[in-house]
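Okay, so here's the structure we're looking at.
From a predicted model like this one, the values you see are computed outputs, not experimental measurements. Reckoned from all heavy atoms, side chains included, excluding hydrogens, waters and symmetry mates.
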Amino acid sequence: MDGTDVLMNPPAMHEPLLEVFEKVNNLFVARVTEQEIQVGLFRVPIPNYEPIAFREAFVNALVHRDYYRIGAVTVQIQPDVLQISSPGGFVQGVNINNILTVAPTPRNKLLVEATKRIGLSERTGRGIDKIYSAMLRNGHPFPDYSLSTSSNVTLRLMSAEKDFKFVQMLVEEQNRLNIEFKVDTLIVLSSLRDEHRVSIEQLASRMQKSELDAKKVVESLVEKGIAEAIGTGRNREYIFSKDVYEISGNVHGYKRQKGLLPEDEKKLIIKYLEENSSISRKDICSIMHCSDTHASYILKKMLEDNLLIKIGKGPATFYRLK
């Protein structure tokens, strides 16, 4: 499709599943284009649509669909998205919030075993992991199951503008560390790229795991020099390290995300008080673009350092230089 215009619409296929897979796969491959980037000594091909992600998603649609329902598995390609839909909602116990971590729950057990035997589907039952890894490794957005309903499962694989700098960073860091990033690490890195600054809660939600699991992954990236931590306790957030920003040629972006150092924050408040008689917590949030919790933390530290005096209670509280 191109918008509402149909560019090609082959007739419905009623052949055995293996023949259907080969036919649709050939149609898909004909529409894959690649652009190469040079990373050191390596040439890295980046396709507009990910063949591995498509293969796993299409096999899942054929194997896990509800064959008691009338309807067809459909594959639709737009200039910026590939969409695969299959009749029947998620199997009981599976939803878009646990699809990455829930135990494999096949609807058609014998069909799953048969496709595993011949090597058509993922033997470990973790085909979803391969879809995510293939998409995120080459800088594509997260796979999107949000259009799924109780009567169908719909997966959208985006072909957005390629982020070559991000792919370059992934390749260089994997070569430097002599490892291949797993799906959880790719989720954290892609989240940092999309959001610039993320909390443990956000990462846990994206990974569909506990905050403890998310913390282990992101803190390991801090140890490797790929990420940096900002703040403490519940205010702790994560950004890409200065080295990663330098790879992308965006040092100013690092400075914006890093924010002010604690000493700089204190100087800014003192300067404000030299020009104004008092300051409130709301004033600090406004001039430093920080959260209410962080403003309270700064004020507490300045009171402990005998730099400020506190006047009033509750919402009417304000502060002056000592």
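- Under a cut-off of 6.0 angstrom, the local environment of CD1 in Ile52 is sparse, with at most 12 non-hydrogen atoms contributed by other residues, nucleotides or ligands.
- With hydrophobic clusters built from ILVMFWY side chains whose heavy atoms lie under 4.5 angstrom apart, Leu147 does not share a cluster with Leu155.
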Give the intermediate values and the outcome of side chain to side chain contact (heavy atoms under 4.5 Å, CB included) for residues Gln83 and Gln78.
CA-CA 8 Å; Gln83 180 171 301; Gln78 293 271 6; over 6 Å; no

Could you walk me through whether Asp283 and Ser280 pass side-chain hydrogen bond (donor to acceptor under 3.5 Å, both in side chains), step by step?
CA-CA 5 Å; Asp283 293 329; Ser280 67; 3.1 Å; yes

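- Of all non-hydrogen atoms in Ile239 and His196, the two that sit nearest each other are CG2-O, 3.4 Å.
- The pair Arg43-Glu34 does not meet the salt-bridge criterion, since no charged nitrogen lies less than 4.0 angstrom from a carboxylate oxygen.
- Within the hydrophobic cluster formed by Ile, Leu, Val, Met, Phe, Trp and Tyr side chains joined at under 4.5 Å, directly or through other members, Met1 is accompanied by Val6.
- Around atom CG of Leu110, no more than 12 heavy atoms belonging to other residues, nucleotides or ligands sit under 6.0 Å away.
- Each of Leu189 and Val39 belongs to its own hydrophobic cluster when Ile, Leu, Val, Met, Phe, Trp and Tyr are linked at side-chain heavy-atom distances under 4.5 angstrom.
- A salt bridge links Arg176 to Glu173: one of the charged nitrogens lies within less than 4.0 Å of a carboxylate oxygen.
- At distances below 3.5 Å, at least one donor-acceptor pair connects side-chain atoms of Asn26 with backbone N or O atoms of Glu22.
- Counting only heavy atoms from C-beta outward, the side chains of Ser190 and Phe166 approach each other to under 4.5 Å.
- Taken to the nearest 0.5 Å, the CD1 atom of Ile128 stands 3.0 Å off from the OH atom of Tyr145.
- Hydrophobic clustering, with ILVMFWY side chains joined whenever heavy atoms are under 4.5 angstrom apart, groups Ile118 together with Val112.
- Side chain of Gln208 to backbone of Leu100: a donor-acceptor contact under 3.5 angstrom is found.
- Distance check, rounded to the nearest 0.5 Å: CE of Met302 to CG of Leu308 gives 4.0 Å.
- Here the closest non-hydrogen pair linking Asp213 and Met207 is O-CE, 4.2 Å.
- By the rule that hydrophobic residues join a cluster once side-chain heavy atoms approach within less than 4.5 Å of another member, Met169 and Ile37 end up as members of separate clusters.
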Is there a side chain to side chain contact (heavy atoms under 4.5 Å, CB included) between Tyr272 and Leu268? Walk through the geometry before answering.
CA-CA 6 Å; Tyr272 180 91; Leu268 191 61; over 6 Å; no

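- Looking only at side-chain heavy atoms (C-beta outward), Ile77 and Tyr49 come within less than 4.5 Å of each other.
- Between the Ser159 side chain and the Val81 main chain, no donor and acceptor come within less than 3.5 Å of each other.
- Using a 4.5 Å heavy-atom threshold, the side chains of Lys165 and Gln168 count as touching.
- A donor-acceptor pair under 3.5 Å is absent between the side-chain atoms of Arg281 and the main chain of Ser296, judged by distance alone.
- With contacts defined as side-chain heavy-atom distances shorter than 4.5 Å, the pair Val75/Leu27 does not qualify.
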Step by step, would you call Tyr67 with Arg107 a side chain to side chain contact (heavy atoms under 4.5 Å, CB included)?
CA-CA 9 Å; Tyr67 280 96; Arg107 176 180 274 122; over 6 Å; no

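- Here the side chain of His140 pairs a donor or acceptor atom with the backbone of Pro47 at under 3.5 angstrom.
- Residues Arg69 and Ser151 form a side-chain contact, since some pair of their non-hydrogen atoms from C-beta on lies under 4.5 Å apart.
- Here the side chain of Thr115 pairs a donor or acceptor atom with the backbone of Leu111 at under 3.5 angstrom.
- Side-chain contact between Ile46 and Phe164 is present, with at least one heavy-atom pair separated by less than 4.5 Å.
- Once rounded to the nearest 0.5 Å, the distance linking CG of Leu192 with CG of Leu203 reads 6.5 Å.
- Not one N or O on the side chain of Asp305 forms a donor-acceptor pair closer than 3.5 Å with the backbone of Leu307.
- Distance NZ/Lys215 to CD1/Ile200: 6.5 Å, rounded to 0.5 Å.
- Scanning all heavy atoms of the two residues, the minimum distance from Met135 to Met158 falls at CE-O, 3.4 Å.
- Around the CD atom of Gln38, the shell of radius 6.0 Å holds more than 12 heavy atoms that belong to other residues, nucleotides or ligands.
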Tell me, with the steps shown, if Leu120 and Leu17 meet side chain to side chain contact (heavy atoms under 4.5 Å, CB included).
CA-CA 11 Å; Leu120 188 62; Leu17 289 185; over 6 Å; no

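- Atom OG1 of Thr154 is separated from atom CD1 of Ile84 by 10.0 Å, given to the nearest 0.5 angstrom.
- In this structure a side-chain-to-backbone donor-acceptor pair under 3.5 Å is present from Thr105 to Ala103.
- Note that CD of Glu15 is 3.5 Å distant from NZ of Lys23, once rounded to the nearest 0.5 Å.
- The shortest side-chain heavy-atom distance between Leu136 and Phe181 does not fall under the 4.5 Å cut-off.
- Closest non-hydrogen pair, Lys209 versus Asp184, comes out as NZ-OD2, 2.6 Å.
- Closest approach of Val73 and Arg65 over heavy atoms only: CG2-CD, 4.0 Å.
- The pair Glu50-Arg137 does not count as a salt bridge, with every side-chain nitrogen at least 4.0 angstrom from each carboxylate oxygen.
- Side-chain atoms of Glu19 do not come within 3.5 Å of backbone N or O of Pro16 as any donor-acceptor pair.
- When all heavy atoms are compared, the tightest approach of Ala53 to Ala134 is N-CB, 4.0 Å.
- In this structure a side-chain-to-backbone donor-acceptor pair under 3.5 Å is present from Asn48 to Arg31.
- Residues passing the ring-ring contact (aromatic ring centres under 6.0 Å, His included) test with Phe54 are Phe28, Phe58, sequence neighbours excluded.
- Side-chain atoms of Phe142 and Ser191, non-hydrogen and from C-beta on, do get closer than 4.5 Å to each other.
- Side-chain contact annotation: Ser241 with Asp243, donor-acceptor N/O pair under 3.5 Å absent.
- When the side chains of ILVMFWY residues are joined at heavy-atom separations under 4.5 Å, either directly or via intervening members, Leu177 and Val167 end up in two distinct hydrophobic clusters.
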